[in-house]
Student: 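Take this structure, written in structure tokens, and hold onto it; I'll ask about it next.
From a predicted model like this one, the values you see are computed outputs, not experimental measurements. The chain is numbered in sequence order, starting from 1.
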Amino acid sequence: MTARAGSSRGALPPPLRDYLGRLDAATRHLTFTARQDLRSHVWTELARTAGPAPAEEQLVRALERLGPPEALVPSPVGGAPRAPRDPAVVHLLGCSLLTVGVTGLIGLVRVWRSPTWPVRDALTATVLVVAGAAALPLVTAIHPVAGALLGGLGAGAPAAALVLGAVLLIQRRAQRRELRTEHAAEPVARTTDTPPGGG
């Protein structure tokens with residue numbers, strides 16, 4: 001469609017503007033990349049079914065064939081869409097060594113307060129941080145300089161950052177894989193549901 005590149009929301013036809021607004025509202029919990037992938041999918045399907053410069057009636061029919069925007073959002077089986085885990089937790093824990101444990105404590109509090117991190121991940125981070133802090137006297141006894149550099153929570157927080165960072169990476173890859181699977185299945189479903197002689 002010719003309006004795809006560089007068009008503002010106000011320059012779009014009303015049916016498309018409303019559709020994209022509903023899509024934005026339904027995808028607030030997704031990552032930026034996932035939201036852009038869904039928007040790109042909408043533009044591609046509209047260009048394929050309605051042509052590069054459709055009339056408003058053609059656009060409405062194409063949007064109806066595409067289905068409600070809420071149905072395009074991938075959801076896990078048996079539950080609400082998974083919100084991406086807060087990446088700031090990993091950054092705070094990872095910087096703990098440089099801040100002598102200050103950001104490690106902030107990251108630990110944040111992982112417990114954040115609704116996007118499951119309790120099991122918060123428990124894992126807590127165990128690693130506490131274990132690192134408990135091992136600090138041993139490190140100090142063996143090498144005082146190393147103990148001073150690690151500093152309290154700085155001992156376990158980097159390990160927690162590595163573990164939670166790996167969990168975050170796995171979640172993001174799984175979401176992208178689910179999104180690609182949804183997009184690959186949709187054209188097949190629409191072809192099957194199209195009545196004979198349908199445009």
Student: Got a sec, which residues hit side-chain contact (heavy atoms from CB on, under 4.5 Å) with Arg113, two or more places apart in sequence or on another chain?
Tutor: Val109
Student: Establish whether Leu164 and Leu123 are linked, either directly or via other cluster members, by ILVMFWY side-chain heavy-atom contacts under 4.5 Å.
Tutor: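 Yes.
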Student: Following the transitive rule for hydrophobic clusters with a side-chain heavy-atom cut-off under 4.5 Å over Ile, Leu, Val, Met, Phe, Trp and Tyr, establish whether Val90 and Val119 coincide in one cluster.
Tutor: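 Linked, Val90 and Val119 end up in one cluster.
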Student: Keeping the roles fixed (side chain from Glu45, backbone from Leu66), state whether a donor-acceptor pair exists under 3.5 Å.
Tutor: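 Absent.
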Student: Who are the side-chain contact (heavy atoms from CB on, under 4.5 Å) partners of Thr124, not counting sequence neighbours?
Tutor: Leu128, Val163
Student: Are any of the side-chain heavy atoms of Pro87 and Leu168 separated by less than 4.5 Å?
Tutor: yes
Student: Examine distances only and state if a side-chain atom of Arg85 and a backbone atom of Trp117 form a donor-acceptor pair shorter than 3.5 Å.
Tutor: no
Student: What's the separation between atom CG in Leu23 and atom CG in Asp18, rounded to the nearest 0.5 Å?
Tutor: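 With rounding to 0.5 Å, CG (Leu23) is 12.5 Å from CG (Asp18).
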Student: Considering residues at least two apart in sequence or located in another chain, which fulfil the side chain to side chain donor-acceptor pair (under 3.5 Å) criterion with Glu57?
Tutor: Arg61
Student: Rounded at 0.5 Å granularity, tell me how far CZ in Arg39 sits from OH in Tyr19.
Tutor: 11.5 Å
Student: Taking Gln36's backbone N and O only, do any of them form a donor-acceptor pair with Ser40's side chain (distance below 3.5 Å, no angle check)?
Tutor: no
Student: Checking Arg110 now: which residues fulfil salt bridge (Lys or Arg N to Asp or Glu O under 4.0 Å) with it, not counting sequence neighbours?
Tutor: Asp86
Student: For Gly104 and Ala157, work out which heavy atoms get closest and say how close.
Tutor: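 The pair with the smallest heavy-atom distance is CA-CB, 4.0 Å.
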Student: What salt bridge (Lys or Arg N to Asp or Glu O under 4.0 Å) pairs are there with at least one residue in residues 160-172, not counting sequence neighbours?
Tutor: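 Salt bridge (Lys or Arg N to Asp or Glu O under 4.0 Å) check on residues 160-172 returns no pairs.
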Student: Please round to the nearest 0.5 Å and tell me the distance separating atom CG of Leu46 and atom CG of Leu16.
Tutor: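 Leu46 atom CG to Leu16 atom CG measures 6.0 Å (nearest 0.5 Å).
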Student: Indicate the atoms forming the closest heavy-atom contact of Ala62 with Thr49, along with that distance.
Tutor: CB-OG1, 3.4 Å
Student: Rounded to the nearest 0.5 Å, what separates atom CD in Glu64 from atom CG in Leu59?
Tutor: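 If we round to the nearest 0.5 Å, Glu64:CD and Leu59:CG are 10.0 Å apart.
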Student: Which heavy-atom pair separates Gly107 from Val89 by the least distance, and what is that distance?
Tutor: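 Minimum heavy-atom separation between Gly107 and Val89: O-CG1, 4.0 Å.
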Student: With rounding to the nearest 0.5 angstrom, report the CG to CG distance, Leu20 to Leu38.
Tutor: 11.0 Å
Student: Sequence neighbours excluded, which residues qualify as side-chain contact (heavy atoms from CB on, under 4.5 Å) partners of Leu162?
Tutor: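 So Leu162 forms no side-chain contact (heavy atoms from CB on, under 4.5 Å) with any residue.
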Student: Return the CG to CZ distance between Leu72 and Arg22, rounded to the nearest 0.5 Å.
Tutor: 10.0 Å
